Amino acid sequence: MSQNPPNLRPDLAPHPRFDEPRREGQPTIGMVSLGCPKALVDSERILTRLRAEGYAISPDYTGADAVIVNTCGFLDTAKAESLEAIGEALTENGKVIVTGCLGAEPEFITGVHPKVLAVTGPQQYEQVLDAVHGAVPPAPDPFIDLLPSTGVKLTPRHYSYLKISEGCNHACKFCIIPDMRGKLVSRPAHAVLREAEKLLEAGVRELLVISQDTSAYGLDRKHDLSPWKGAEVRAHITDLAREMGRMAREAEAWVRLHYVYPYPHVRDLIPIMAETGAGGGVLPYLDIPFQHAHPDVLKRMARPAASAKTLDEIAAWRAACPGIVLRSTFIVGYPGETEAEFQYLLDWMDEAQLDRVGCFQYENVKGARSNALPDHVPEEVKQDRWERFMEKAQAISTAKLEAKIGSLQQVIVDEVDAEGATCRTRADAPEIDGNLFIDEDFEGLQPGDMLTVEVEDASEYDLWGRRI
């Protein structure tokens, strides 16, 4: 077992899992999936298409006829990691196809790695397939190559990401995601619900709903209606959550909402969360990217939020659903951030008392409008503020987790090894939040099992408990 404190980078997804056998003579593609959960879903879509065409999926370079590297372009550090991964794939395999967010800058990639076979941007699935076909022709066997109804999944079998839209309509000055992924494009409500239904029928116990802006789902479609189960459902996050919650309760599964901007209509989600019982439903958990608290910093960021109203909203959410868990990420050292503005953020944290917090230091990113802002913060000041912010966040987390000692918690099992079972409570998203460990009487537990535990101990980010 290993402790899992919150990763301070919001652009990372769980490591992909590969576990399917290869038939003799089957063409094989490797996949390196970098970046956020939204990119991981893109990787799943690409591999599902390739698997349907008869390709096998390799977990390593040496077993693959070619390798796809799905890149991240969120930060300059992420771009560097992507270039490093491309170089490693070229060294280990030689045939490399690049896709993803960094693929929106093909000259940047080919300038460093001119030997890549092809470079495609995010969501350009057909171009990726064309490049694979050119490098490794398909050789399907329709009597053997069977594709599961859920497609190829790169996460453990008991949870799955469910992407409800692409792109974003915001123009935050520090972010270039809309430039790479475009404006908001929401999937039809019935398509989202059908995918959720198929995943639950396949045994998925937790659906992680993701997009660039989950609250804005359906805005581009003018919240149109779709036929569903003899009635109609609106393309709106409230309607989507209500319907997925109903399905999840029937399947005794969880639904977790990520990347929810704090628009006023978010308060309509809270009653849906409040009615979630031990059997499942939409978890009382909101992942909201606040990014900062001081109104002047938010204005310089061009963020669609105001800190004072946000505190009022948080109070209203907690009044309507006392057990709600709030997670967020923040940027420190944004251009022009003064010591007073940073102290305002720390004081806001004392008031907000968020349950799960990640933070990263501001970085210039090519193409971001924030690069041109005056008064950039020195690196040593960014580091100092990051350390002070995380000290504050850790103290809040420690107090909240210690308060859970003696309580009963419903958990889902993620992993079991010789030392014990690594689980998560309803307050913990996979990979980015904490864990609950069971180190006695864990024999017979399997990933995906749900059980009740009594919390016996706590650290800054993790819990320990015993089976009831």
Side-chain angles (χ1 to χ4, degrees), residues 8-11 73-76 167-184 211-217 219-220 258-267 286-317 326-354 357-379 381-386 388-390 392-393:
L8 306 183
R9 286 267 302 280
D11 57 319
F74 182 74
L75 300 169
D76 284 351
C168 179
N169 287 346
H170 297 305
C172 303
K173 289 186 178 180
F174 57 84
C175 183
I176 59 171
I177 296 297
D179 297 327
M180 293 186 291
R181 289 186 170 262
K183 294 291 188 180
L184 176 71
S211 65
Q212 290 297 141
D213 180 0
T214 297
S215 306
Y217 169 74
L219 185 64
D220 57 306
H258 287 278
Y259 314 121
V260 179
Y261 281 74
Y263 303 142
H265 69 260
V266 168
R267 65 185 65 143
L286 281 177
D287 174 13
I288 299 180
F290 290 124
Q291 307 295 16
H292 210 279
H294 196 283
D296 291 343
V297 178
L298 291 170
K299 188 179 297 183
R300 291 198 298 273
M301 290 179 168
R303 293 289 291 170
S307 61
K309 293 181 180 179
T310 298
L311 284 173
D312 292 341
E313 286 296 317
I314 289 173
W317 299 338
L326 302 179
R327 156 170 251 286
S328 190
T329 52
F330 294 84
I331 299 173
V332 295
Y334 190 77
E337 183 188 58
T338 65
E339 177 60 28
E341 290 170 341
F342 175 70
Q343 186 59 51
Y344 183 101
L345 172 59
L346 294 184
D347 294 341
W348 185 91
M349 286 281 289
D350 279 329
E351 288 194 64
Q353 290 288 300
L354 302 181
V357 172
C359 177
F360 60 97
Q361 300 175 44
Y362 171 81
E363 293 182 19
N364 277 342
V365 177
K366 182 181 178 182
R369 293 181 297 150
S370 57
N371 299 352
L373 289 174
D375 303 321
H376 280 243
V377 178
E379 293 301 321
V381 176
K382 291 183 195 175
Q383 180 67 25
D384 174 70
R385 290 178 183 172
W386 179 84
R388 289 158 60 196
F389 180 94
M390 290 312 301
K392 172 76 68 176

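The structure displayed is predicted, hence computed values, not measured ones.
Scored by the side-chain contact (heavy atoms from CB on, under 4.5 Å) test, Asp179 finds Ile176 as partners (sequence neighbours excluded). His258 pairs by the side-chain contact (heavy atoms from CB on, under 4.5 Å) definition with Leu208, Ile210, Arg256, Tyr285, Asp287, Ala429, Ile432, not counting sequence neighbours.
Side chains of Trp317 and Arg267 form a contact here, defined as non-hydrogen atoms less than 4.5 Å apart. Side-chain contact between Gln212 and Ile177 is present, with heavy atoms from C-beta onward closer than 4.5 Å. Contact of the Pro335 side chain with the Arg300 side chain is not registered, since no non-hydrogen atoms from C-beta on lie closer than 4.5 Å.
Donor-acceptor pairing under 3.5 Å is lacking for the side chains of Glu341 and His292.
Among all heavy-atom pairs drawn from Val377 and Tyr334, the shortest one is CG2-O, 3.5 Å. Contact record, Phe342 with Phe389: CZ-N, 4.0 Å, taken as the closest heavy-atom pair. Considering every non-hydrogen atom in both Gly73 and Val365, the closest pair reads O-CG1, 4.2 Å. The shortest non-hydrogen separation linking Tyr362 to Gly333 is CB-O, 3.5 Å. Heavy atoms only, all atoms of each residue included: Ala171 and Ala302 are closest at O-CB, 3.7 Å. Scanning all heavy atoms of the two residues, the minimum distance from Val332 to Lys382 falls at CG2-O, 4.1 Å.
Residue Ile288 holds its CD1 atom at 7.0 Å from CD1 of Ile314, rounded to the nearest 0.5 Å. Remark: Leu354 CG to Trp348 CH2 distance equals 4.5 Å, nearest 0.5 Å. Taking CZ of Phe174 as the start and CG of Leu75 as the end, the distance is 10.0 Å to the nearest 0.5 Å. Atom OG1 of Thr310 and atom CD of Glu351 lie 12.0 Å apart (nearest 0.5 Å). Taking CH2 of Trp386 as the start and CD1 of Ile331 as the end, the distance is 15.0 Å to the nearest 0.5 Å. One distance of note links NZ of Lys183 with NE2 of His170; it measures 10.0 Å at 0.5 Å rounding.
Looking only at distances, a side-chain donor or acceptor of His376 sits under 3.5 Å from a matching main-chain atom of Asn371. Side-chain atoms of Arg303 do not come within 3.5 Å of backbone N or O of Gln291 as any donor-acceptor pair. A donor-acceptor pair is defined here as one N or O able to donate and one able to accept, closer than 3.5 Å; no such pair exists between the side chain of Asp213 and the backbone of Cys168. Checked by atom type and distance alone, the side chain of His265 pairs as donor or acceptor with a backbone atom of Ser215 at under 3.5 Å. Under the 3.5 Å distance criterion, the side-chain polar atoms of Ser370 are matched with a main-chain donor or acceptor of Lys173.
Classification of Asp76 and Lys366 as a salt-bridged pair fails, no side-chain N sitting under 4.0 Å from a carboxylate O. Under a 4.0 Å N-O distance rule, the pair Glu339/Arg388 qualifies as a salt bridge.
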